Amino acid sequence: MKLHTIMLKSNHNEVRSPLLLTRQISHVHGNDSYVNEIDLFVYLCNKVHAAGHFQDHTFPQTPRKKYWIFALLLSPQHPEEPKSEDRVNIGFNSPFLNLFLWSLSDIPIPEIVVESPQTQRRGPPVIMAPPPAPTERKKVSVTHGHSMANWMMKIKSEPKKPPSNRVIPLDELKQHNTREDCWMAIRGKVFDVTDYIDYHPGGVPYIMKGAGQDATKMFNQVHNYVNFENILVNRQVGLYISSEPGISGAPPGKGQGGSLCCCTTCQGADGNDENLPETSFEQDDTTIQYKVECNNPNMDANYWSMGITNKQNLMVKLVTRPPEIWLANLKLHEKLTNDQIKFVFENQFKKLILTLEKPTKTKWKSLGSTIKPHNKFIHSFEAPKDYYPASLTYKESVGPDHYLLIISVGLETHIGVPVGWHLRLKIKDQDKPYTPVKFITSKQTTRYEEIESRCKGQVLYFLIKIFADGKVTPLLDKVPKEIPGALEVGALAGKFDTSFLYDTDRLILIAGGTGIAPFTGILKYIKDKRRDIKVKQVVLVFSVKTGDDIMWNEAWEALVKFGWFHYFPYVTQGGVASDWKGNLGRVTVESVQQNLKELPEPPDANNPVRLRGMACGPIGFTDTARTIFASLDIKDDDLFTFDG
């Protein structure tokens, strides 16, 4: 018999369960080669009963990554020594590894010895025990075509859609308790598992025990190491907050402030929010590391904001369920001499590691004290306003009284801005909300690269109209020459959720003047992810006073070439060329209906065609837009306006 070497890579700091098992591709069935994880999973399931012995090896550690090598006794049929180049790497969060662990859950596995680089030749090895034996669980046979491999192939072929963050009360959850309509809550999230029931490895009767209820406790008892979110992709229908004492949706350490010992006041918006991110801190002689980890899918850097004010106050904002944000609000143990933050994201932007430089080599007993509100979900408009010093780096005229402003911030902050959200610009004691713009074309991005490269910190772009009688915009003409050091930016807020865009046949955007700003981010998002979110046709109705006021006309015309984007500019006060092909006059119900008649039907549209509408501009303008949407029978649930 020969041991076949296998390797598992993890970006986590510890092994949380005895994750085992990849294998040598070229040493399974002669010359056959399996090239994807599904084939590998099927193979492992077929061979599971031959896996009676595991043995550990070690592999060199690299910064922020650890490798463990295990060996799997497969069979005596392939005694060849595996070649190192034949190793297969599977990430820690691979659903197939989790499924394989699930299949192993009722097979006795000996303790697994993991010898990490820190423990080599310095003492006894670390012992990782296998998961506890499940209770009341027996292997059952599944019907043809309903194995876990079949399920993973099924979900892999489905288009991605965002999870719903609607809070589902227990009374509603209880109504979905049949095999034909089955919901269940697991760790604070509600899933529609109706089409998964026949694929469940434990059988239909077992999974139905959790139908229409909070199944967290049962799930944790049987297979708490399984990554259920990867298995139930596209099936989250809402959030659930347990009211039963002693029941916590999250695994130990989640939602309790982690090892952040200063967080004696940690609690959710309702005092017991099991969806809180996991937090912790570590230190050495010179630095502090503050770690925040959430379990939300589809994360990116724009959902995280963080910064230091007054060299001692740390605030972290995480957008996971708009319009709410999760907030960490702390006064650090000591005042910093260097408030520059260094940060990295791990686990597909689900984990933030924030590093701060200590002012002295003194060991901190805690990260600091909390400032209310802290470690809770709060409506973004009710969150404390955090402002950070900023510089007006560049100003460019894009029309009469209209400017593109390039504003940079310092190294004490990172400001993430989700699609459709805004920041506030503050000068002295005056502030006003503005939505940063996103460039649509590569030509736009390239044009400002040289300017951006001169800035040490993050750069934000704004389209702003200067009003002579305004409270904020006239002051922008005086920054920085007449009012040096007066500009600040921050106070992230918003309510838009990109899930609004998903599965839309025709999306109608109506913008007035600089109200185009939020639509730049929305159009870039659709351009980058259109196939995933299934927006089949986008119509932009853009109204300005004169022809010179039309901003980014070149970008809109570039988008038209894609076929799915249609553009109708409106000029209300003339000033256009003789060959003008756009609309003259105000945006009205009749004019928009005429514009839409000129369009082809959206491809592969639903019946009836699913319309959604969005508007941004002055209050009177958005009122007109609502009237237009009502004339098109667009319901309130399919309507979103950025007012003001």
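What you are looking at is a predicted structure, and each value in this text was computed from that prediction instead of being measured.
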Full working for side-chain hydrogen bond (donor to acceptor under 3.5 Å, both in side chains) between Asp548 and Thr546
CA-CA 5 Å; Asp548 292 334; Thr546 70; 4.8 Å; no
Does anything in residues 500-513 pair up under side chain to side chain donor-acceptor pair (under 3.5 Å), and if so which pairs, sequence neighbours excluded?
Tyr502-Tyr525, Thr504-Arg612, Asp505-Lys536, Asp505-Asn606, Arg506-Gln537
Would you kindly check if the NZ (Lys) or CZ (Arg) of Arg235 is within the cone defined by 45 degrees around the ring axis of Tyr196 and under 6.0 Å from the six-membered ring centre?
no
Is the charged tip of Lys495 near the ring of Phe640: under 6.0 Å from the six-membered ring centre and within 45° of its axis?
yes
For the residue pair [X] and [Y], confirm or rule out a side-chain donor-acceptor distance under 3.5 Å.
X: Ser442; Y: Thr445; value: no
X: Tyr303; Y: Asn296; value: no
X: Thr641; Y: Arg626; value: yes

Can you check whether Met315's main-chain N or O pairs, donor with acceptor, with Asn329's side chain at less than 3.5 Å?
no
Glu554 atom CD, neighbour heavy-atom count above 12 within 6.0 Å:
no
Using a 6.0 Å cut-off, check whether atom NZ of Lys545 has over 12 heavy atoms from anything other than its own residue.
no
Could you check whether Trp304 and Phe343 have their ring centres less than 6.0 Å apart?
no
Is it the case that the ring center of Phe542 lies less than 6.0 angstrom away from the ring center of Tyr570?
no
Can you list the steps and then say if Trp326 with Asn375 is a side-chain hydrogen bond (donor to acceptor under 3.5 Å, both in side chains)?
CA-CA 7 Å; Trp326 173 81; Asn375 196 33; 2.8 Å; yes
Derivation and outcome, ring pair (Phe, Tyr, Trp, His ring centres under 6.0 Å), residues Tyr448 and Phe439
CA-CA 10 Å; Tyr448 302 102; Phe439 293 136; 5.3 Å; yes
When you look at Asp198 and Arg179, which way does the salt bridge (Lys or Arg N to Asp or Glu O under 4.0 Å) test go after all the steps?
CA-CA 10 Å; Asp198 289 331; Arg179 183 166 176 171; 2.4 Å; yes
Answer yes or no: is there an ion pair linking [X] with [Y], defined by an N-O contact shorter than 4.0 Å?
X: Asp497; Y: Arg321; result: no
X: Arg610; Y: Asp638; result: yes
X: Glu229; Y: Arg187; result: no

For Tyr388 and Gln458, what are the C-alpha separation, side-chain angles and deciding distance, and is it a side-chain hydrogen bond (donor to acceptor under 3.5 Å, both in side chains)?
CA-CA 12 Å; Tyr388 303 96; Gln458 181 184 2; over 6 Å; no
Using residues 170-177 as the side-chain source, report each donor-acceptor pair under 3.5 Å to any protein atom, sequence neighbours left out, with the distance given to one decimal.
residue	atom	partner	partner atom	Å
Glu172	OE1	Arg166	NH1	3.1
Glu172	OE2	Arg166	NH1	3.4
Glu172	OE2	Arg166	NH2	2.9
His176	ND1	Asp181	OD1	3.0
His176	ND1	Asp181	OD2	2.8
Asn177	ND2	Lys174	O	3.4

Return the set of residues passing side-chain contact (heavy atoms from CB on, under 4.5 Å) with Thr627 (not counting sequence neighbours), or none when no residue passes.
Val589
